[in-house]
Amino acid sequence: MPEVKSFAARTLQALRDNKHLAILPPAIIIGILGGYGAVLFRFAIRTFQGMFYGNSEDILTFAASLPVWMVVGMPALGGLVVGALVNFGAPEAKGHGVPEVMEAVVLKGGRIRKRVALVKILASALCIGSGGSVGREGPIVQIGASIGSTMGQLLRAGPFQQKTMVGCGAAAGIAATFNAPIAGVLFALEVLLGDFGLTSFSPVVLSSVTATVVSRHYFGDFPAFVIPEYSIASLWEYAIYPFLGLAAGLVAVLFVTVLYKTEDVFDAIRMPRLLKPVLGGLLMGCILLVFPQAFGVGYGAINLALVDRLAAWMFFALILVKIVATSITIGSGGSGGVFAPSLFVGAMVGGGFGWIAHTLFPGVTSGPGAYALVAMGALVAGSTHAPITAILIIFEMTNDYRIILPLMMSCIISTVVASTLKRGNIYTLKLLRRGVDLQRDVTQALLRSLPIRDYMCERVESIPEDMPLPRIIETFRTHNASYLHVLDASNKLTGIISFRDIRPHLGRGAQEKTLLARDVATRRLAVLMPGDSVFAAMQVMSGGPYSQLPVLDPDSGRVVGTLRQQDVLAAYDREVFHHGAQKAAAKAGGQGA
């Protein structure tokens with residue numbers, strides 16, 4: 001009996017120490033909260049659309065009955081409210097959201113401000129409900145990621161667990177939106193975390209499945225779109241799908257290019273930032289007068305394309321209309337995602353391509369709807385450079401294995417074409433424009449996350465401004481210091497003296513000279529703050545002849561430490577050279593896997 005108790009005690013202790021198992025209960029909670037976040041977000045969109053237009057159904061069912069002033073004015077009104085929310089609530093809520101999550105995962109240890117989820121729900125729901133041409137998937141990813149980050153912060157999770165919880169929240173959002181738990185998992189692992197290890201995979205799966213259960217409870221077990229029965233008319237059709245992948249890749253590049261060029265145009269307009277979403281809303285309203293299909297997420301128009309109920313010319317027109325409408329909405333400062341617009345544009349590209357193929361080869365090709373379905377995945381793959389996620393999300397919605405081969409061919413070719421022609425995908429390009437390259441330099445990103453307060457030396461050798469040269473020389477000799485920090489009467493830093501500064505005065509009657517510290521000190525200083533990163537310190541040191549930099553308190557301006565070159569090298573060695581080993585240990589024995 002004592003042996004049984006001892007075994008039970010050891011087992012319980014092992015479970016407590018097993019960090020891999022410890023993250024699973026929070027993952028389930030994140031899945032529940034993420035699922036309800038998606039439910040709340042969809043409810044908010046319908047509520048705001050009802051407030052703006054008096055009808056919460058698909059816009060195509062009542063667009064013809066709306067007066068012109070309402071179609072043009074409501075997107076502008078929505079833009080005004082969204083602009084105020086974003087500017088005064090959380091600037092991170094502007095745009096499509098996923099780049100901000102990626103930046104938080106890599107550069108900020110997975111930490112996202114707690115208010116982001118609430119502001120993003122309101123801003124994006126207002127933008128979509130008032131007519132903005134954006135998707136709900138990006139906002140839901142950011143909302144779920146914010147929930148996961150908040151959970152990690154409350155539990156004081158380590159950096160690896162914190163990032164995993166952010167991935168759990170993102171997976172929950174995608175899964176609940178599309179009723180596609182596998183696609184949610186793949187999106188989080190492929191796009192956000194870039195980690196398919198067991199330690200990340202298990203909790204992300206739990207969150208995704210849990211969020212899907214919550215979503216199905218409220219919306220039923222139905223796919224996000226009206227999915228037609230897919231079929232291959234003949235084996236010759238397999239030779240046509242690679243050209244569909246090529247077309248999707250080219251249009252994906254066009255979409256990404258126009259999106260960010262439009263953002264540049266709005267940035268160059270001289271007007272208050274708060275009013276730019278109003279201008280974008282007015283332009284969007286003018287588009288809606290002619291093409292109501294571009295309204296909001298556009299699922300109604302996608303369904304029409306999938307069941308072959310759009311005219312051939314409309315396929316080609318809506319490709320350009322949706323690209324321009326989405327670019328205006330996001331470029332002007334609106335809040336919403338680009339995933340649904342990518343699906344929309346893909347459906348139109350596939351529909352138009354299918355119409356041409358069926359016209360040229362009627363006996364060996366399926367209808368436009370089949371190509372629209374495949375092209376939805378192909379364009380998402382081309383714009384996000386995430387073919388696995390794109391393949392799984394379409395396959396999971398159809399549950400038809402016959403679509404796999406055309407889907408794989410088209411998605412891979414589209415990704416190759418787009419990644420060859422355009423550096424960065426629709427998410428990472430936003431960060432590249434800020435000077436942040438997540439894919440190229442993970443080491444750099446890691447160093448950006450390390451504050452120098454953790455590595456600086458707090459012992460500072462300082463002297464007063466009026467110290468004479470002989471005493472300065474004696475101080476160097478007795479303190480074995482490389483630099484002396486020169487302080488004024490209020491203990492503020494005014495200069496630095498190195499042995500190089502006093503060398504010209506040696507051997508020529510240095511003892512008799514009346515030079516003071518202020519006379520020989522170097523006054524052109526490069527200084528750091530405790531919150532600056534190790535990467536910033538490395539840049540400063542490499543830009544000048546600095547082997548040591550003073551660290552000043554940002555409030556008082558007084559010297560609180562000094563960062564030596566050897567401290568930077570030690571930080572680099574500790575955090576970079578050992579990073580891979582630490583991560584491997586966390587995944588294996590350290591995590592209890």
Side-chain angles (χ1 to χ4, degrees), residues 37-85 120-140 143 176-179 215 218-220 222-226 277-278 280-307 309-311 314 317-318 321-322 324-326 328-330 332 334-337 339-341 343-344 347-348:
V39 171
L40 175 62
F41 183 53
R42 291 175 66 170
F43 174 77
I45 292 173
R46 293 176 63 88
T47 300
F48 287 130
Q49 182 180 318
M51 292 171 60
F52 282 112
Y53 296 96
N55 193 323
S56 61
E57 299 301 318
D58 190 285
I59 188 71
L60 298 181
T61 62
F62 63 91
S65 64
L66 294 176
V68 172
W69 68 267
M70 182 176 287
V71 176
V72 176
M74 290 307 171
L77 178 60
L80 178 63
V81 181
V82 169
L85 266 174
K120 191 68 176 181
I121 285 177
L122 294 174
S124 295
L126 279 163
C127 187
I128 296 171
S130 64
S133 179
V134 285
R136 62 191 184 207
E137 298 75 23
I140 287 180
I143 291 164
T177 300
F178 289 108
N179 188 25
S215 175
Y218 289 95
F219 305 120
F222 303 105
F225 306 104
V226 176
V278 179
L282 287 172
L283 295 174
M284 186 65 215
C286 294
I287 293 174
L288 293 177
L289 284 175
V290 184
F291 295 100
Q293 295 89 347
F295 184 100
V297 295
Y299 282 6
I302 292 176
N303 287 329
L304 292 178
L306 292 176
V307 295
R309 291 181 58 189
L310 285 178
M314 185 66 78
L318 288 180
V321 167
K322 190 64 174 181
V324 172
T326 301
I328 288 174
T329 302
I330 292 179
S332 64
S335 178
F339 203 98
L343 292 170
F344 184 107
M348 302 308 149

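Values in this document were obtained by computation on a predicted structure and should not be read as measured data.
With sequence neighbours excluded, the residues that form a side chain to side chain contact (heavy atoms under 4.5 Å, CB included) with S65 are F62. Applying the side chain to side chain contact (heavy atoms under 4.5 Å, CB included) criterion to L289, with sequence neighbours excluded, gives V68, V71, V72. Remark: F344 engages no residue in a ring-ring contact (aromatic ring centres under 6.0 Å, His included) (not counting sequence neighbours). With sequence neighbours left out, the side chain to side chain contact (heavy atoms under 4.5 Å, CB included) criterion links L304 to L60, R309, L310. When the side chain to side chain donor-acceptor pair (under 3.5 Å) test is applied to E137, the partners found at least two apart in sequence or on another chain are Y299. Residues forming a side chain to side chain contact (heavy atoms under 4.5 Å, CB included) with S332 (at least two apart in sequence, or on another chain): F266. Scanning for ring-ring contact (aromatic ring centres under 6.0 Å, His included) contacts around Y218 gives Y36, with sequence neighbours left out. Take Y53 and apply the ring-ring contact (aromatic ring centres under 6.0 Å, His included) test, not counting sequence neighbours, and it matches F295. Taking T326 as the reference, S133 meet the side chain to side chain donor-acceptor pair (under 3.5 Å) condition, with sequence neighbours excluded.
Panel note: side chain Q49, backbone N55; a donor-acceptor pair is recorded below 3.5 Å.
With contacts defined as side-chain heavy-atom distances shorter than 4.5 Å, the pair L77/S130 does not qualify.
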Practice task
Determine, stepwise, if the pair I59 / L66 fulfils side-chain contact (heavy atoms from CB on, under 4.5 Å).
Solution key: CA-CA 10 Å; I59 188 71; L66 294 176; 3.8 Å; yes
Handout entry: Derivation of the side-chain contact (heavy atoms from CB on, under 4.5 Å) call for K322 and F291
Key = CA-CA 9 Å; K322 190 64 174 181; F291 295 100; over 6 Å; no
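Of all the heavy atoms in S124 and G336, the pair that sits closest is OG-N, 3.9 Å. Shown here for L288 and A294, the closest heavy-atom pair between the two residues is CD2-C, 4.0 Å. Closest approach of M348 and A305 over heavy atoms only: CE-CB, 4.0 Å. Taking both residues in full, the closest heavy atoms of A301 and Q293 are given as CB-CB, 3.8 Å, listed atom of the first, atom of the second, then distance. In this structure, P75 and G281 approach most closely via the heavy-atom pair CB-O, 3.3 Å.
With a 6.0 Å cutoff to the six-membered ring centre and a 45° limit on the axis angle, R42 counts as a cation-pi contact of F219.
Legend: salt bridge (Lys or Arg N to Asp or Glu O under 4.0 Å) pairs involving residues 55-69, not counting sequence neighbours, sorted by first then second residue: R46-E57.
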